[in-house]
Every structure is written in structure tokens, then in C-alpha cells.
Amino acid sequence: MMKTKQFKAESKKLLDLMINSIYTNKEIFLRELISNASDAIDKLYYKSLTDENVKLNHKDFEITIKLDKDNRTLTISDNGIGMTDTELEDNLGTIAKSGSQVFKETADKKKGIDIIGQFGVGFYSAFMVSDEVKVCSRAYGSDKAYTWTSTGIDGYNITESSKETHGTDIILKIKENTEDEDYDKYLEEYTIKSLVKKYSDYITYPIKMTTHHEHYNEDEKKNEVHEEVETLNSMIPIWKKNKNSVKEEDYDNFYCEKFSDYEKAMCTIHINAEGLVSYKGLLFIPNHAPYDYYTKEYEKGLQLYSNGVLITDKCKELLPDYYSFVKGVIDTPDLELNISRETLQQTRVLKTIAKNVESKIKKELETMLNEDREKYEQFFNNFGIQLKYGIYNSYGMNKDKLQDLLLFYSSKEKKMVTLKEYVSRLSEDDKNIYYITGETVDKIDMMPQVEQFKDKDIEVLYLTSYFDEFVFQVLNEYEGKKFVNVSSDKAVLEDDTKLEEMNKDAKDMFSLMKESLTDIADIRFTSRLKNHPVCLTTEGELSTNMEKTINLMPDTEKVNAKLVLEINKNHPIVNKLKELYASDKDELKEYAKVLYAQARLIEGLSIENPTELSNMICNILSK
Ligand code: ADP
């Protein structure tokens, strides 16, 4: 008896999902298997381009589909590169390596649908419609063939078999119909034809099937069945088609299949460029960030084709980092097919295309920003940070390209606005763009520093991403207006000579208060507060938000913002402090500590000794 081998653990889970089909869209199994067949042919075709011993032409390749209703089998064959016995074992005994790790981590937590969509499970989807799957394969250059057989979760076995030509036959034993599911349809020519049209039309190799048509024979006065080998796909890649002849649904299907996304893209850009360099392209902005987008594993790039034949899967030279979320394909006749990766990087052709692609993406985003703000905000939520990094990482060099694509929350409009919109509401005399940072819009809105700006009806940008302020630092100004942090010493709305005097008079009192506050640069009275007693501001370039952020980064020297404790000059606490300065200097120091702690809490900073603070407050309360 032959020993049955077990699937790897994560494959087992995936198979279980497939067999018990949480996924309702079972028909995609066909596109997955055809896509594998096409990949296998691609591999052999490459070989023929680079290896003199392989004498094959593009037109020698094909994929065939065979239906056998009596035996309930559907067979998909290709004459591609094939697999050896070890390859059968490695490739089909375990799921695609790229997804498996993440799959292991998420499989238990999430429902199957997301997972299936995100990782493009490929081959195993065959089990959604089959009781048994056989893979009979002969590797190119080998005279031995092997058959891999599995009925699902129990495992698989591999036996030596025979096959006349190189390539692979995938033989599916289609399930019997159930109450909720019609499997018979996968044995119908009509279904297969329409599925190929729907999902695999652009495949560059012919997908052939023997079809049967009934004819009425006038002479014999009876119906006759006519047999013919039909090519089911047009083989014209979707990007080569005329824009007007492509339906939105076609773009969506293409995108989901090609880039393994369970959700259609938010935007599709179809390019047909002619000129110094000609190319056709199809770009997509995903509707959500890929699961690995914010990890090191994520690789940006567009698929690059030369006249319909794939050159490289991820050509990173075609996309700037700040648009790394864009997916798509570029096809140009102006590149040699067997161009090496090294020369690829330097070609003028690629540089020209990249520049053009970038401007197309920008234009698309601008249009969305102007015409569909809601959609743009969704885009910005997903990928806005990437645009900000683009400005920051280039030390502002890319600012002209990106700054008008940024959105920030406006205190006045109560929604996200662009810098252009903010500046359009300023008068010539207004020199500043005001902003403040904090955890959430609501929290920021309660901060004491904001009060006078609201009173004076001055618009403030509420920055809730820790990173925004760094972007403003790099931008420095926008259309001649400076970025000013509301919590900085530069955000003084009016000169107040009386205040200066008041501060001078209290100099000694402040010195004494400072003795109990080690980490503070200054204490002063302020006119920037209306009802609140205290706030924390900073002197110089470094804000508390920046201090927090920089100090969180590994391997950086710790920095300290120059903190200033500001006390509302009109608050009753002022008299109390003056009173204590005259009567009880120790108590004054306690008060200083309490006020400072309050200011820190409002700013969202931690306090060193909460117990001490709590005791001090209780002492004061008990008096
Ligand atoms: P993916 O295609 O995403 O890598 P699959 O589970 O669909 O994952 O397939 C696993 C592997 O099995 C493929 O990467 C390929 O190496 C191999 N394979 C699948 N189908 C074929 C085929 N028809 N011919 C040759 N190899 C194949």
C-alpha cells in the first residue's frame, strides 16, 4: 500500500476552508488554474528566449480544457514547464510561501473570505468544486511523468505515471450537486466558455476547448451535432483594448485576479501613450492598503511587459515611493524582451514611462480631490501618510508635487481641508498657518491654547498624526505663509505691554516657583488663555509632540523641548500665587508643582509622580 502524505499544517487549514467553502464565489477556481497554466507556459517561454537548446515558439503553446460529463471530470492542460516529483511535492503539499506566514497568524482570527481573497490561494481552490484532484505532470527535459492525487484534507500521494508531452494536466472530479449548490454546471460547455471570457480573456496563450453545436440538416431533416475546437479567449490583454470596449466589470475582474485583491480598486487609469516612447498601461489605486503595506516585506512596482510578454513582475523603477500603493501593468514595444535587470534600471525608456506614469497618477488624484472629496478622503486615510513621507524623506524636494494632495482637519470648516483652501481664506496681512497637534480632534478642541483662536475666529489645523508636524517643518511655508504651532512662543496674537510689565514684576516669584520644577525653561503670565488657568507652550523649534516622537525612535539621541508653563494673567489663581509668595513660600512651590502637572496632563504628557500630585491636591482640598 502506498503511504499517504500529510499536508503541511497551514495548508490543511486552508484546504479545510476550501472544502467547507466559506467562500461563495466558487467559480474562481477556473481562473486560478488557468492562471497557473499560463504562468507555467511563461516559464518555459522565457527559457526559450534565453536558452538556445529550447527551441519553442510562442505559437506552440496552448491551454486546453476538456469536459467529460459521464465521468464528471474537468481537465485543464498546459504544455508549459511541468513539474518533477519533488516539485509536485514542494508546490502542492504546502501553500504559496508568501502568504503562508500571514495566513498562519490570521487564520484563526478572521473569517475565511478575507484570507482567500488576500492571498490568492490558487491551486487549492480546485477543492471547492472537486471531490478529487489529480495533477499529472511531466517536467520539460525529463522523460518521466508523475501524478499527484488528493481527495482533500486526508493528504495526497504521488505515483509515477506516463504523459506524452511536457506540461501538466489538472483533472478535477467535480462534486455531485447538493441542495444549495449546482456543481453540474461546471461540466457544461456554456459555463466554461463564459467563465473563461469573464476571468481569463486576456491570457496570452489560446485556451482551447472542443465544443458541440446542434445543427438542423435540411436535406436529412434532422438535428446534427457539430464538433469544433474553439479558442475561448481573445488573447488581447485588457490594457491593449480600446478604452471604450472595456466594461468597468472587466477592469474589476482583471484587477482582483491579477493582484489578488478581494475588493475592486478605487480608481482605474487606462493609458495609451504614443510619442517618443509608446506604451499602454493600466494602473489601479486599491480601495484599501494591502495587508503587508506598512511592513518591510511590501515591494512596490508595476508589472512590465514587452508586447504582451511579461518581463518582470515588480518593476520598481516605474513608481516613486510615495505612490508605492499603485498596482498595475505597463506594456511597451520599445524594450527588448530579454533585457537584463541591470540594464533595465538605466534605460531611458523606463525613465520616460515612469515620469509619465507619475503625472497620470497625480492628475487622477487631483481630479478625485476636486470632484469627489468623500472618495478622496477615503484614499487619503489609506495612503495619505505615504504622501507625507514623500515630502519628509526628500527634505521637501518633492513638495511641489505633493503638498497640494495633503488634507488636514480644519477647526473652522470642521472637516478635512487642503493647504490651498486654508490659505484662500487668509487676508494678505495674515502671515501664518496655525496648527496644533494632539491625539484626536475632540481632544485638541478642548485644549486651552485653542480657545483664543476660536474666539477670534482664526482657523487652526488640528494634526492628529504625530508625523504631520514634521511635514510642516520640512515644508516651512506654503504660498508665503509660515506654519506656526499654536503652542509655541511664536503664536502670540497681539502685543501686550501690560503683560510684559506684569511678568517683570513677578520675576522673583517665578524664580522661586521654578526651583521645584526642574524640567522647565520658563514660567510666565500669558494673555493667550481665556478661561483656563494654565497651559504648556514651547520655545524654539522643538514642540512637545516632536519631542515625544523623536524620543520614541530607536537609536536617536534624546531631545528635550523647551517647556514654558504659562499662567492665565486674568485667572483668580494669579492673586493666590502672589498671596502665597508673600505669606508661605513652601506652599507656593507645591502650587507650582500642581499647576505644572495640570498643564502636562492637558498636553497629553505623562507626569512623573502621580501619587505625589494626588496627595498635593488632597492637601489643598482639605484646607
Ligand atoms: P501560486 O500560483 O500563487 O504560487 P498555487 O497554489 O496556485 O500558488 O500554486 C503553487 C505552485 O505550484 C505554483 O507556484 C507553481 O510552481 C506550481 N504549479 C501550479 N500549477 C502549475 C502548472 N499548471 N504547471 C506547473 N506548475 C504549477
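One-based numbering, in listed order, for ligands and for the atoms of each. Sequence positions, counted from 1, serve as the residue numbers for this chain.
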- Query: Out of Met83, Glu32, Lys43, whose heavy atom sits nearest atom 27 (C) of ligand 1?
  - Reply: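 Answer by nearest heavy atom: Met83.
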So how far is it from [X] [atom1] to [Y] [atom2], rounded to the nearest 0.5 Å?
| X | Y | atom1 | atom2 | value |
| --- | --- | --- | --- | --- |
| Leu302 | Leu319 | CG | CG | 4.0 Å |
| His212 | Glu228 | NE2 | CD | 10.5 Å |
| Asn253 | Lys198 | CG | NZ | 6.0 Å |

- Could you tell me whether some N/O pair between Asp39 and ligand 1 is separated by less than 3.5 angstrom? no
- Message: List ligand 1 atoms under 4.0 Å from Phe123, heavy atoms only on the residue side.
- Response: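 Those atoms are 5 (P), 6 (O), 7 (O).
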- Which of the ligand 1 atoms, numbered from 1, are nearer than 4.0 Å to a heavy atom of Ala40: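 Result: 22 (C), 24 (N), 25 (C).
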- Query: Hey, is Asp78 one of the residues with a heavy atom under 4.0 angstrom from ligand 1?
  - Reply: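 It does, in that a heavy atom of Asp78 comes within the 4.0 Å cut-off of ligand 1.
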- Note on the structure: Contact region, Thr168 to ligand 1, non-hydrogen atoms below 4.0 Å, reads side chain
- Any chance the rings of Tyr392 and Tyr389 have centres within less than 6.0 Å? no
- Under 3.5 Å side-chain donor-acceptor pair for Ser125 and Glu32: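 Ser125 vs Glu32: no donor-acceptor pair found between side chains.
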